[in-house]
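Worksheet: one structure, shown below.
Within every chain, numbering begins at 1; the chains are lettered A, B, ... in the order of the sequence lines, protein sequences first and strands thereafter.
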There are 2 protein chains.
Amino acid sequence: MTVSRRATGPGRARGRGVPDATVARLPLYLRILRALAEQGTSTVSSEELAAAAGVKSAKLRKDLSYLGSYGTRGVGYDVAYLVYQVSRELGLTQDWPIVIVGIGNLGHALANYGGFASRGFRVAALFDADPRRVGELVEDHEVLPMGELAPVVGELGAAIGVIATPAGAAQGVCDRLVAAGVRSILNFAPAVLAVPDGVAVRKVDLSIELQILAFHEQRNAVPGPVPDGAGSGPGELVQTGRRSRA
Amino acid sequence: MTVSRRATGPGRARGRGVPDATVARLPLYLRILRALAEQGTSTVSSEELAAAAGVKSAKLRKDLSYLGSYGTRGVGYDVAYLVYQVSRELGLTQDWPIVIVGIGNLGHALANYGGFASRGFRVAALFDADPRRVGELVEDHEVLPMGELAPVVGELGAAIGVIATPAGAAQGVCDRLVAAGVRSILNFAPAVLAVPDGVAVRKVDLSIELQILAFHEQRNAVPGPVPDGAGSGPGELVQTGRRSRA
DNA sequence: CGGTCCTTGTGAACGAACGCACAAAGTCGC
DNA sequence: GCGACTTTGTGCGTTCGTTCACAAGGACCG
Ligand SMILES: NC(=O)c1ccc[n+]([C@@H]2O[C@H](COP(=O)([O-])OP(=O)(O)OC[C@H]3O[C@@H](n4cnc5c(N)ncnc54)[C@H](O)[C@@H]3O)[C@@H](O)[C@H]2O)c1
Ligand SMILES: NC(=O)c1ccc[n+]([C@@H]2O[C@H](COP(=O)([O-])OP(=O)(O)OC[C@H]3O[C@@H](n4cnc5c(N)ncnc54)[C@H](O)[C@@H]3O)[C@@H](O)[C@H]2O)c1
């Protein structure tokens, strides 16, 4: 199915073929590393970093080893240097303009959200199909009509698009984003999107998250004693218990 | 490590030990099944359902097989019956009151969101620490002060809590929710939560999603040709390509 | 009522991810 | 400069998840 992943097996060469599960955790490590840097910590061990991230230290070390050998045995990792390396691997050394389509409840919250800029993302344009929304000023951006989507995306060179429209409109919006040149989409609408090859989609579905929690509520309620731990990783169903630090 | 999962290996007994990966997909199947039911479809094959969900039919069949044998060979699955069975497995036959803490940008959007009720979830109470927010009326709910959290959660019997506060306040809010009796938490704040055993946490982190997309943007941009597909499931890094429809 | 066709359910092979445990590598004290 | 100590990086076994491929089960037709 995939063409040529996994360069050299488990010990794949530096930078090539970082496993999906690892990629999904890197942003978490990065956030913690940045916090450590900000509070003046210059060095951190895999044990400490792993504890802060809620993973086992061996997993963390293996994750980092896919990027290269950036640690010092007997000491740990240099925080600033690791921040740089992880950022580079994730492509955060550059600026990513993003566009948001569907400026309703959720779209407004997203547009107002300050957590983007700090990570190299920049809300560059907002779009909505409703004429009453168009022209509205949200966080120093004017809401633009859908007709402007293609030209503006092209001009900005925006590669990432966020869909915050109702589910029924999502596929149509997605098609227009793709046609305009967007190749990565973050979808908040509860809909399965069909996209051509080469376009990446990630979805955030609140309702699904709640249903998964409901499942565990029911599970823990029915049998009686035994809670139940779960695996780890991005597919980790639920965290159950986590002590320690930071 | 875990106490007694996986009852009988791959062929585990009905209802016992549904794999995490499967549980994470059931809500998606359920949504599609409900849509089919609404449009009058009474029967669906694994092939059709899988296509609508964006998974392989074998995976879908195996997922459903963990719930029992609810299909009819040569025909497919009865939509209404399957909706019931999946709902039951997920614990959606009962009503789940949820509380939201932190009624800022995101909290407002969540409180206004209509997609909850339709799935058996009901926003039962809103809380905020800011005195200026307290008393505000959001979607027929008055925002309550944090002091009310424990008694109200207890009275409502709310088992699910949503955290939409700034990251710095998340752990404290989490502790209070747990102390009040909440055993499932959906966390929107970019923070790793420490919880006692038996409490389930799921996180939704926008910033992480965007960074994963950035990674793939960079990946696809640098090497040149080969796009790159990925696995499937909740841990699926990105969807890449997906044809067809519903 | 028997044959044919269709779709499910699953055994088994494969692959990805995790965790253990340890050797290699470097630091620090003396 | 040497030895003891600390922590990384990773080989290996295990678990979990996905995919293939097919036999078994049932509907439907004649
Ligand atoms: N509000 C939430 O907290 C929340 C939570 C989870 C998921 N969601 C999902 O996010 C999406 C948006 O939710 P919301 O509450 O903001 O809804 P909303 O109705 O407030 O906003 C939707 C916006 O999309 C615009 N729109 C509709 N069709 C469009 C089109 N074809 N092109 C461009 N814009 C279009 C509408 O004009 C509106 O402004 C929905 O799919 C919802 O299910 C929302
Ligand atoms: N706005 C978004 O679109 C968005 C997107 C992704 C993630 N987030 C995250 O969601 C969280 C909320 O974001 P927001 O934009 O709504 O922020 P916000 O500042 O608008 O709202 C935060 C709310 O939490 C309340 N609060 C603060 N401390 C509290 C405490 N100890 N107890 C109870 N309430 C408290 C504040 O009074 C405020 O009303 C943040 O962690 C943010 O990183 C927001």
Side-chain angles (χ1 to χ4, degrees), chain A residues 1-2 5-14 17-26 43-51 53-78 81-82 85 228-237, chain B residues 1-2 4-14 17-26 43-51 53-78 81-82 85 229-237:
Chain A
M1 138 181 321
T2 305
R5 312 178 65 212
R6 301 296 178 275
T8 34
R12 47 180 85 72
R14 321 267 110 31
V18 180
D20 289 353
T22 293
V23 172
R25 282 186 294 267
L26 289 178
T43 283
V44 68
S45 73
S46 64
E47 207 66 56
E48 295 165 335
L49 192 47
V55 303
K56 298 247 171 167
S57 63
K59 200 200 289 199
L60 180 131
R61 284 198 299 277
K62 189 158 287 192
D63 282 342
L64 293 183
S65 77
Y66 292 122
L67 313 192
S69 278
Y70 301 134
T72 305
R73 294 171 192 232
V75 176
Y77 300 89
D78 181 88
Y81 187 51
L82 202 49
Q85 289 298 345
D228 176 309
S232 261
E236 176 179 32
L237 233 209
Chain B
M1 137 184 323
T2 304
S4 70
R5 312 178 65 214
R6 300 295 178 277
T8 33
R12 47 181 85 71
R14 320 267 112 25
V18 180
D20 290 353
T22 294
V23 172
R25 282 186 294 267
L26 289 177
T43 283
V44 68
S45 73
S46 65
E47 207 67 56
E48 294 165 336
L49 193 47
V55 302
K56 297 241 171 171
S57 64
K59 198 199 284 199
L60 180 130
R61 284 198 300 277
K62 186 152 285 194
D63 281 343
L64 294 182
S65 77
Y66 292 122
L67 312 194
S69 279
Y70 299 134
T72 305
R73 296 174 191 228
V75 176
Y77 300 90
D78 181 88
Y81 187 52
L82 201 51
Q85 289 298 344
S232 261
E236 175 180 32
L237 234 209

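Comparing C:dC20, D:dC20, C:dC18 by their closest approach to the side chain of B:Lys56 singles out D:dC20. Checked against C:dG19, D:dC20, C:dG11, the side chain of B:Lys62 finds its nearest nucleotide in C:dG11.
In this structure, B:Leu26 atom CG and D:dG17 atom C1' are separated by 15 Å, rounded to whole Å. Taking atom CG of A:Asp63 as the reference point, atom C1' of C:dA16 lies 13 Å away to the nearest angstrom. Straight-line distance from the CZ atom of B:Arg25 to the C1' atom of D:dG17: 8 Å, rounded to whole Å. A:Glu47 has its CD atom 13 Å from the C1' atom of C:dA21, to the nearest Å. Rounded to whole Å, atom P of C:dC6 lies 14 Å from atom CD of B:Glu48. Counting to the nearest Å, the C1' atom of D:dG25 and the OH atom of B:Tyr77 are 13 Å from each other. A straight line from CG of B:Asp78 to P of D:dG26 spans 16 Å, rounded to a whole angstrom. The distance from atom CG of A:Leu60 to atom P of D:dT8 is 9 Å, rounded to the nearest whole Å.
Both A:Thr72 and A:Thr22 lie near DNA chain C, and the one whose nearest nucleotide falls closer to the 5' end is A:Thr22. When each of A:Val75 and A:Ala58 is assigned the nucleotide of DNA chain C with its nearest heavy atom, A:Ala58 is the one assigned upstream, toward the 5' end.
Residue B:Thr22 holds its OG1 atom at 8.5 Å from CG of B:Leu67, rounded to the nearest 0.5 Å. Expressed to the nearest 0.5 Å, how far OG of A:Ser45 lies from CG of A:Leu60 amounts to 9.0 Å. Atom CZ in B:Arg61 sits 7.0 Å away from atom CD in B:Glu47 (nearest 0.5 Å).
Applying the 4.0 Å criterion to OP1 and OP2 of C:dT7, one finds that B:Ser45 has every side-chain N and O outside that range. The phosphate of D:dC22 (OP1 or OP2) has no side-chain N or O of B:Arg61 nearer than 4.0 angstrom. Phosphate contact (OP1/OP2 of C:dT8, side-chain N/O of B:Ser46, threshold under 4.0 Å): present.
The shortest non-hydrogen separation linking A:Thr43 to A:Glu48 is O-OE1, 4.4 Å. Listed here is the closest heavy atom pair of B:Ala50 and B:Ser57: CB-CA, 3.5 Å.
Judged by distance alone, with hydrogens and angles left aside, A:Arg73 brings no side-chain donor or acceptor close enough to the base of D:dT7 to form a pair under 3.5 Å. In the interface, the side chain of B:Lys59 is not paired with the base of D:dG17 through any donor and acceptor atom under 3.5 Å apart.
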